[in-house]
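All figures in this text were calculated on a predicted structure; none of them were measured in a lab. Below, each value reflects all heavy atoms present in this structure, side chains not excepted, and no hydrogens, waters or symmetry copies. Here is the naming used below: chain letters follow the sequence lines, and residue numbers restart at 1 for every chain.
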Protein chains: 2
Amino acid sequence: MVSNDRCLFCRIASGEITAKKVYEDADVVAFEDINPQAPTHVLIVPRKHIPSLDDLTDADAQVVGTVLTRAAQIARNLHLESDGYRLVINNGEAAGQTVFHIHFHILGGRNFGWPPG
Amino acid sequence: MVSNDRCLFCRIASGEITAKKVYEDADVVAFEDINPQAPTHVLIVPRKHIPSLDDLTDADAQVVGTVLTRAAQIARNLHLESDGYRLVINNGEAAGQTVFHIHFHILGGRNFGWPPG
């Protein structure tokens, strides 16, 4: 699995940097956001280092699709599905992406307004 | 491809109902949101009828991963990547899901606040 030793999320995935992990397996790691925006706010990342959506190719479909299916599984584990939840990907600094390793925000436990920011 | 003839997005995908399509191929269809929340606001859906993230299984990883890789490609086609964009999935009525066929919102062309709704 390709990782980047200067990437914060690769270092969390490897265990080199501590985070409050809520789930991990061979493909993905999920941990609590350090600046939560909802009662439940978890980030899920692929172990593979992909900086942003701009770097995605069709060959990555299985990798990022697995992130999404595991995100849904984590939401079920956290009992978010009954009240609904929101998944968000920020792409690029202007949209709020601060770590350049693809990650989905899983937000739940409260109502969400529209537009989404 | 499994579709549902009572589902609005399946009917748009098949062409039975008109929408302002911006992209389509054998796997996905993308079209303008009728109530846009940003200068660019496109919905992208798999042709396969999957009602919500609650219905996803690991076997769907390739399907939903393809939606994500095509969303990124559409964003590049629309030149959204330079100023950033946001992808959002609302899951469940409480989170704002109004059509029960999985869809990603692609929002771009303006700045986005945080939290995302």
Option that, when pairs with chain A are counted at under 4.5 Å, heavy atom only, ranks first among B/Asp83, B/Asn111, B/Asp60: B/Asp83
Check against ring pair (Phe, Tyr, Trp, His ring centres under 6.0 Å), A/His101 and A/His103: CA-CA 6 Å; A/His101 180 129; A/His103 53 287; 7.9 Å; no
For chain A, the option from B/Ala75, B/Pro116, B/Ala94, B/Ser52 that forms the most heavy-atom pairs under 4.5 Å: B/Pro116
Which of B/Ala95, B/Ala71, B/Gly92 touches chain A most, by non-hydrogen pairs under 4.5 Å: B/Ala95
Heavy-atom contact with chain A under 4.5 Å, split by part of B/Ser82: neither
Atom of A/His41, atom of A/Asn35 and distance for their closest heavy-atom approach: ND1-O, 4.1 Å
Toward chain B, the part of A/Arg86 with a non-hydrogen atom under 4.5 Å: both
Contact leader toward chain A among B/Gln73, B/Glu93, B/Gln97, B/Arg70, where contacts are heavy-atom pairs under 4.5 Å: B/Arg70
Residue that, paired with A/Leu87, satisfies side chain to side chain contact (heavy atoms under 4.5 Å, CB included) out of A/Leu68, A/Val67, A/Leu107: A/Leu68
Shortest non-hydrogen contact between A/Glu81 and B/Asp54, atoms and distance: CB-OD1, 3.3 Å
Point-to-point distance, once rounded to the nearest 0.5 Å, from NE2 of A/His49 to CZ of A/Phe100: 10.5 Å
For chain A, the option from B/Asp58, B/Leu80, B/Asp55, B/Val63 that forms the most heavy-atom pairs under 4.5 Å: B/Asp58
Geometric class of the A/Phe9/A/Phe31 ring pair [parallel <30°, tilted 30-60°, perpendicular >60°]: perpendicular
